[in-house]
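First up is the structure itself, then whatever we jot down about it.
Lettering follows sequence order; numbering is per chain, from 1.
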Number of protein chains: 2
Amino acid sequence: MHSLNNLIIEFYDKLSSWEQSVVKDTGYSLAQVHTIEVLGSHGPMRMKELADRLGITTGTLTVQIEKLVNLGLVSRAAHEDDRRSILVGLTSEGTQLHAHHNRMHMQLTKDITRHLDNDAIDVLKTCFEKMNREF
Amino acid sequence: MHSLNNLIIEFYDKLSSWEQSVVKDTGYSLAQVHTIEVLGSHGPMRMKELADRLGITTGTLTVQIEKLVNLGLVSRAAHEDDRRSILVGLTSEGTQLHAHHNRMHMQLTKDITRHLDNDAIDVLKTCFEKMNREF
DNA sequence: AATATTTACTTTGATAATCAAACAACATAA
DNA sequence: TTATGTTGTTTGATTATCAAAGTAAATATT
């Protein structure tokens, strides 16, 4: 169990470094790409929900979204039921960036699982499913 | 392969959130704890190496280490062979903080693997070993 | 040996990210 | 209706960060 813990930490650490270098190449900041990633994979959402997912305050997010809107990656829309809220989502340009980032991730996944056979991959998937559920 | 990719991203995302909330409780910043973590798991090292591992410039690190030294978590020592370099390492207080953080990680590992049997854990370990090698 | 180049670290000045607190608009509960 | 809670923005302060310039030491070149 101790060794598994270390392997997880190492995996997380290397994934962080990888993400950092991939993001650097895009020219956008880590926070910006992270925002794009969340909006891309979960769809449009309210400021509050997005802030919670990103682990920042709504005050910080307001400023960030403003920048992303100016960059043409994100757009704001009125919330149907709640006039206090706005829905932020990706523009087509933002969606494109998200797709590009996703392809990078996909390539990484292919690369790092290069030496795993199909049986191992099946077990690995099941493990991740079960682990993700326990957070 | 596509589903595995998503599982990895979700895992990484949840681990990030967990780390963020755990760090918040310590009263130190994420960057500070990350520095402690690297020094704790790899032992004392030079500024340059530490900066590279953390993905920041040495200029940024100089400032950060200064703070950590003032907080009593980190100490500087002369490098034996290279008089340009200094070795930064944890004080006993820093080591204690690292141990505490490690226990948190260990507990998390136990929690999330709660529903995995021994065989699955063995496969999981092997998968992580192989994946970590490919980064 | 003398000089030039590279490397390790620090300092400085500027920018970006972040938070907490105060605020305004709206929703919900009493 | 009134009181309370929620959502998002603004503001002022702090912190993290970088790039560039500077210093000192190591290494390479001549």
B:Lys67 side chain near D:dT15 phosphate (N/O to OP1/OP2, under 4.0 Å)
no
Distance check: side-chain N/O of B:Arg46 vs OP1/OP2 of C:dC9, anything under 4.0 Å?
no
Does OP1 or OP2 of D:dA16 have a side-chain N or O of B:Ser29 closer than 4.0 Å?
yes
Euclidean distance, atom OH of residue B:Tyr28 to atom P of C:dC19 [Å, nearest integer]
20 Å
Helical bend (five base pairs per end, nearest 10°) for the helix from C:dA1-D:dT30 to C:dA30-D:dT1:
30°
Round to the nearest Å and state the distance from B:Arg76 atom CZ to C:dA8 atom C1'.
14 Å
Tell me the interatomic distance from A:Leu54, atom CG, to C:dT18, atom P, rounded to whole angstroms.
9 Å
For B:His34 and D:dT17, give me the distance from atom NE2 to atom P, rounded to whole Å.
11 Å
Anything under 30° is parallel, anything over 60° is perpendicular, the rest tilted; go ahead and classify B:Phe128 against B:Phe11.
tilted
Whole angstrom is fine here: how far is it from CG in A:Leu61 over to P in C:dT18?
10 Å
Using only atom types and a distance under 3.5 Å, with no angle test, would you say the side chain of A:Ser85 pairs donor to acceptor with the backbone of A:Arg46?
no
Does A:Thr58 have a side-chain nitrogen or oxygen under 4.0 Å from the phosphate oxygens OP1 or OP2 of D:dT7?
no
Just N and O in the side chain of A:Gln32: are any of them under 4.0 Å from OP1 or OP2 of C:dA16?
no
Does atom CG (A:Asn118) have a neighbourhood of more than 12 heavy atoms from anything else shown, all under 6.0 Å?
no
Touch check for A:Asp81, heavy atoms < 4.0 angstrom, all strands: base, sugar-phosphate only, or nothing?
sugar-phosphate
Among C:dC26, D:dT17, D:dA26, the one nearest any side-chain atom of B:Asp82 is D:dA26
Would you mind telling me which of D:dC18, C:dC19, C:dC26 lies closest to the side-chain atoms of A:Thr57?
C:dC19
Strictly below 4.0 Å, heavy-atom distances to any atom of DNA chain C: list the hits from residues 83-90 of chain A, or just say none.
A:Arg83, A:Arg84
Cut-off 3.5 Å, side chains only: do A:Glu37 and A:His105 have a donor facing an acceptor?
yes
Quick check against the 3.5 Å criterion: does B:Thr126 have a side-chain atom that pairs as donor or acceptor with the backbone of B:Asp122?
yes
D:dT17, OP1 or OP2 - any side-chain N/O from B:Gln64 closer than 4.0 Å?
yes
N/O donor-acceptor pair under 3.5 Å between A:Glu19 side chain and A:Ser16 backbone:
no
With a 4.0 Å cutoff (strictly under), does any side-chain N or O of A:Thr62 reach OP1 or OP2 of D:dG8?
no
Check: A:Leu7 main-chain N/O paired with B:Asn132 side-chain donor or acceptor under 3.5 Å
yes
Between A:Thr57 (side chain only) and A:Thr60 (backbone N and O only), is there a donor and an acceptor less than 3.5 Å apart?
yes
Protein-nucleotide distance (B:Leu68, atom CG; D:dT15, atom P), rounded to Å
13 Å
Might you work through the side chain to side chain contact (heavy atoms under 4.5 Å, CB included) test for B:His98 and B:Leu39, ending with a clear yes or no?
CA-CA 9 Å; B:His98 176 243; B:Leu39 288 177; over 6 Å; no
Counterpart residues, side chain to side chain contact (heavy atoms under 4.5 Å, CB included), relative to A:Thr58 (two or more places apart)
A:Lys48, A:Ala51
